[in-house]
Protein chains: 2
Amino acid sequence: MGRKRTKSGKIRLAEVAELAGVSPITASRFFRNPEALSIAKRTRVESAAKELGYVPNLAARALASQRTEVIGVLIPSLTNNVFSDVLRGIYDASEGNRYSIQLSNTRYSILQEEKLLRLFLAQKPAGLIVTGIDQTAESRAMLEAADCPIVQIMEIGPDPVDMMIGFSHYDAARAAVAHLFEQGHRRIGFVGARMDPRVQRRLDGYVSAMKDAAMFEQRLVVTTATPTSVTLGGALFTDLLAREPDLDAVFCANDDLALGVLFECRRREIAVPDQIAIVGFNDLEFMASAVPTLTSVRTNRYEMGKTAANMLIEAIEGRRPEQPVLDLGFKVIERQSSSSRHSESRPAGSGAGAANKMVALPSGHD
Amino acid sequence: MGRKRTKSGKIRLAEVAELAGVSPITASRFFRNPEALSIAKRTRVESAAKELGYVPNLAARALASQRTEVIGVLIPSLTNNVFSDVLRGIYDASEGNRYSIQLSNTRYSILQEEKLLRLFLAQKPAGLIVTGIDQTAESRAMLEAADCPIVQIMEIGPDPVDMMIGFSHYDAARAAVAHLFEQGHRRIGFVGARMDPRVQRRLDGYVSAMKDAAMFEQRLVVTTATPTSVTLGGALFTDLLAREPDLDAVFCANDDLALGVLFECRRREIAVPDQIAIVGFNDLEFMASAVPTLTSVRTNRYEMGKTAANMLIEAIEGRRPEQPVLDLGFKVIERQSSSSRHSESRPAGSGAGAANKMVALPSGHD
DNA sequence: AGGAACGTTGACAGCGCTACCAGCAGCGAC
DNA sequence: GTCGCTGCTGGTAGCGCTGTCAACGTTCCT
């Protein structure tokens with residue numbers, strides 16, 4: 001016997017086809033590749049579909065075609081501002097086309113990532129966006145065996161699984177430190193939280209730049225595995241200052257920490273940048289508006305997400321980009337907090353003041 | 001003829017059933033309702049599934065069962081910090097169970113929301129989370145006709161579609177203004193951006209509180225449709241000050257604006273709170289760490305997302321919550337920026353200082 | 001004019017799973 | 001012993017769509 005079920009009055013493809021006077025398969029093609037139809041049938045199917053308010057059943061499509069139109073995205077955090085920009089780019093790129101985004105949070109655990117990857121892959125996604133280059137061996141093997149395009153985002157490194165978009169955190173950190181040296185600073189501290197692989201590489205970049213100048217000392221580095229926050233920035237800076245009273249600059253692994261350091265300086269009545277210079281990382285919006293305005297390393301997060309999704313979609317549709325690895329670079333945005341020109345006391349007036357001096361560098365060249 | 005296709009060596013349910021020595025339908029039941037099986041078969045199917053590494057094909061399941069295990073989420077913005085907290089709650093709640101989250105961004109457009117709603121509903125989601133209570137009539141009708149549970153989040157109001165979780169933005173704004181009155185402020189400005197319905201209700205609350213005290217004047221209100229930012233806070237405050245030089249407090253519709261106002265005060269050498277008090281809205285993390293620490297209205301965003309998803313899942317599984325409308329309330333977190341006790345100049349030491357005085361109110365009582 | 005090539009269309013047979021119903025065993029009640 | 005109940009299991013028949021291939025009409029080439 002057949003079944004009753006809800007019926008639900010749902011319009012099926014066959015009904016559209018009937019109204020349009022074509023076979024179901026022709027109607028089906030209309031939705032997937034309209035150019036394959038003659039103009040006459042195309043318009044007939046189109047108006048029939050509109051008249052009936054037809055919406056394709058994605059589950060049936062996925063079952064029959066053995067593939068989904070889902071782009072899986074694995075990111076390590078939903079809290080972090082950085083990822084919300086990337087995500088926004090990804091969602092924006094997915095808008096207006098057939099693909100939908102399936103998001104999962106690895107919580108900075110590569111084991112969790114491996115588990116989620118297995119889950120995702122089982123559903124045959126159309127493509128995958130994964131964060132970073134530090135997958136487990138197992139994950140790496142699964143990614144390589146996957147029969148869908150894959151983009152690694154947030155950083156670039158050797159040996160991409162497939163496509164890759166990001167920048168060199170190592171080089172970016174070196175550039176930030178170089179900027180501080182240029183401004184005449186020598187005892188430059190490093191403040192970092194969470195210490196995920198990308199923050200770790202920023203630390204590596206800092207260390208190498210400091211060693212190049214023969215200025216590195218272990219006690220200039222304060223890090224913690226704790227998730228980042230503004231408050232934490234103040235606390236870590238407090239530690240750093242206790243260890244190294246002669247500190248004359250701080251390079252913060254992100255902007256929240258930098259803001260925390262700025263507030264802590266204000267609390268302690270330490271003049272920024274005259275006594276201590278501050279450089280952040282990511283160039284979040286508030287950096288330009290703080291007092292003093294805060295120097296940061298600008299990273300193209302939104303563009304990264306958007307381009308990653310676009311590259312992926314192109315690849316899904318068979319048009320592999322000629323550039324599978326894209327270095328988006330970074331820019332050191334110099335502002336008052338690290339400027340050796342003594343911060344003029346600016347009177348009334350809003351905004352960030354003078355145009356930012358930008359130091360742009362493509363990463364990957366040391 | 002049959003077809004070739006990739007084959008892909010995928011394990012099907014039938015293979016698990018065969019290995020376990022049961023019928024496919026019994027194996028199917030194991031994955032959906034293990035309690036319905038005898039212990040013997042249960043363990044047999046379980047080990048067979050594990051041995052073969054079986055993962056169910058969700059598309060086939062959705063097609064056969066006429067429903068998905070997808071929770072649709074419609075939010076107006078991915079940029080706004082507020083929503084990232086809510087989302088984090090939703091994703092956390094969806095972890096470890098069968099449901100997956102399908103997210104879409106309405107960009108604060110109720111027309112876009114309507115379009116997305118139509119799209120979502122066509123895929124028969126297991127449940128839906130929508131933001132706010134200001135849907136189009138068409139959207140409203142679709143929601144009411146939908147045969148799945150629905151939660152409206154972010155605010156509470158009369159006449160819920162189904163379930164609802166949030167708080168009264170109107171009451172929260174009134175409480176913030178009342179707090180400023182208590183601290184002796186009279187000429188209290190309002191700064192708002194974006195002016196989505198919830199911000200509008202905060203403005204309404206502000207206006208009503210000011211009128212109650214016979215202190216309302218239109219020129220105390222500065223708003224814009226522009227998306228919010230820290231920089232914008234400074235700009236709007238500049239406008240406000242130009243209109244009303246006697247200003248003695250500002251109620252900001254969100255914390256980014258409040259931070260912008262604080263920076264602008266610093267830039268203009270206006271003492272906070274002595275000359276001007278500042279109150280924000282949402283109580284983002286940085287508020288407790290700013291100098292001076294910033295008063296704000298705490299809202300339970302993470303909890304809201306998490307509880308909304310949990311309520312939804314309960315309802316999907318047939319256990320409707322006894323409380324379909326949940327008021328999560330708010331708290332005015334009083335900090336230095338609005339304290340009439342003159343801000344003692346605190347010497348070295350990090351953090352927010354003395355315990356926050358909290359003024360807790362369940363919203364819904366005026 | 002004949003044939004190849006192309007563009008367009010349709011028939012068929014599932015994709016992998018589950019709703020529905022029927023059946024069977026085991027048990028207690030009469 | 002028979003009935004009805006409950007608990008478990010299985011057979012059948014699709015869910016709505018698309019991959020494959022075949023077939024058609026038309027155009028273009030030789």
Side-chain angles (χ1 to χ4, degrees), chain A residues 1-45 48-49 52-69 98 122-124 126, chain B residues 1-45 48-49 52-69 98 122-124 126:
Chain A
M1 273 290 111
R3 36 178 127 180
K4 272 199 300 286
R5 282 193 184 159
T6 22
K7 274 280 164 195
S8 81
K10 253 322 177 197
I11 309 299
R12 297 197 313 288
L13 183 61
E15 281 139 47
V16 176
E18 195 180 6
L19 178 60
V22 300
S23 73
I25 188 66
T26 299
S28 166
R29 273 193 274 263
F30 169 76
F31 292 101
R32 291 173 296 147
N33 183 20
E35 286 74 32
L37 301 203
S38 61
I39 309 281
K41 307 231 164 181
R42 202 185 303 176
T43 52
R44 295 237 301 279
V45 175
L52 297 173
Y54 171 73
V55 180
N57 180 322
L58 298 183
R61 177 179 286 180
L63 182 58
S65 67
Q66 294 287 75
R67 55 195 159 70
T68 61
E69 283 162 350
R98 64 214 300 120
Q123 302 309 324
K124 298 185 201 285
Chain B
M1 271 291 111
R3 37 179 127 180
K4 273 198 300 284
R5 281 192 185 160
T6 23
K7 274 281 164 195
S8 82
K10 254 317 179 200
I11 309 300
R12 297 198 311 289
L13 184 60
E15 281 138 47
V16 176
E18 193 180 7
L19 178 60
V22 300
S23 73
I25 188 66
T26 299
S28 166
R29 272 193 275 265
F30 169 76
F31 292 101
R32 291 173 296 146
N33 182 20
E35 286 74 31
L37 301 202
S38 62
I39 308 283
K41 308 230 165 182
R42 203 186 303 175
T43 51
R44 295 236 303 278
V45 176
L52 296 173
Y54 171 73
V55 180
N57 180 321
L58 298 184
R61 177 179 286 178
L63 181 59
S65 68
Q66 294 287 76
R67 57 194 157 67
T68 60
E69 283 161 351
R98 64 211 301 118
Q123 302 309 325
K124 297 185 200 287

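In what follows, chains are A, B, ... by sequence order, proteins preceding strands, each numbered from 1. Note: hydrogens, waters and symmetry copies are ignored here, and every other heavy atom, side chains too, is used.
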_Taking every non-hydrogen atom, the tightest pair across A/Gln123 and B/Leu58_ = OE1-N, 3.2 Å
Specify the separation, in whole Å, of atom [atom1] of [X] and atom [atom2] of [N].
X: B/Ile11; N: C/dC15; atom1: CD1; atom2: C1'; result: 16 Å
X: A/Ile39; N: C/dT9; atom1: CD1; atom2: P; result: 10 Å
X: B/Leu58; N: C/dC17; atom1: CG; atom2: P; result: 10 Å
X: B/Glu35; N: D/dC8; atom1: CD; atom2: P; result: 10 Å
X: A/Arg44; N: C/dT8; atom1: CZ; atom2: P; result: 15 Å
X: A/Asn33; N: D/dC17; atom1: CG; atom2: C1'; result: 16 Å
X: B/Gln123; N: D/dC15; atom1: CD; atom2: P; result: 18 Å
X: B/Arg42; N: D/dG7; atom1: CZ; atom2: P; result: 14 Å

*Is it true that atom CZ of B/Arg67 has more than 12 heavy atoms of other residues, nucleotides or ligands lying nearer than 6.0 Å?*
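Result for CZ/B/Arg67: open.
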*Kindly check if the number of other-residue, nucleotide or ligand heavy atoms within 6.0 Å of CD (A/Glu18) is above 12?*
no
*asked:* Using the side-chain contact (heavy atoms from CB on, under 4.5 Å) definition, which of the options A/Val22, A/Leu37, A/Thr26 pairs with A/Arg42?
replied: A/Leu37
Looking at [X], does any N or O in its side chain come under 4.0 Å of the phosphate oxygens OP1/OP2 on [N]?
X: B/Tyr54; N: C/dC17; value: yes
X: A/Gln66; N: C/dG16; value: yes
X: A/Arg67; N: D/dG19; value: yes
X: A/Ser38; N: C/dT9; value: yes
X: A/Thr26; N: C/dG10; value: yes
X: B/Ser23; N: D/dT9; value: no
X: A/Arg12; N: D/dC15; value: no

_Using heavy-atom distances to pick each residue's nearest nucleotide on DNA chain C, tell me which of B/Ala59 and B/Ile25 is more 5'._
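First, find each residue's nearest nucleotide; the 5'-ward one identifies B/Ala59.
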From [options], nucleotide with atom closest to [X] side chain:
X: B/Lys41; options: D/dT18, C/dC17, D/dT9; result: D/dT9
X: A/Arg61; options: C/dT18, D/dC17, D/dG19; result: D/dC17
X: A/Ser65; options: D/dG19, C/dT9, C/dA19; result: D/dG19
X: B/Ala64; options: D/dT18, C/dG16, D/dT9; result: C/dG16

*asked:* Just so I know, are the side chains of B/Phe30 and B/Val16 near enough to count as touching, which here means a heavy-atom distance under 4.5 Å?
replied: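 In short, these two side chains do not touch, never coming nearer than 4.5 Å.
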_Please classify the nucleic acid contact of A/Arg29 as base, sugar-phosphate, or nothing, using heavy-atom distances under 4.0 Å._
base
*For B/Ala36, which contact category applies under a 4.0 Å heavy-atom criterion: base, sugar-phosphate, or nothing?*
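B/Ala36: backbone/sugar contact only, no base atoms under 4.0 Å.
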_Side-chain (B/Thr68) to main-chain (B/Lys124) donor-acceptor, under 3.5 angstrom_ =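 Flag set: sc B/Thr68 to bb B/Lys124 pair under 3.5 Å.
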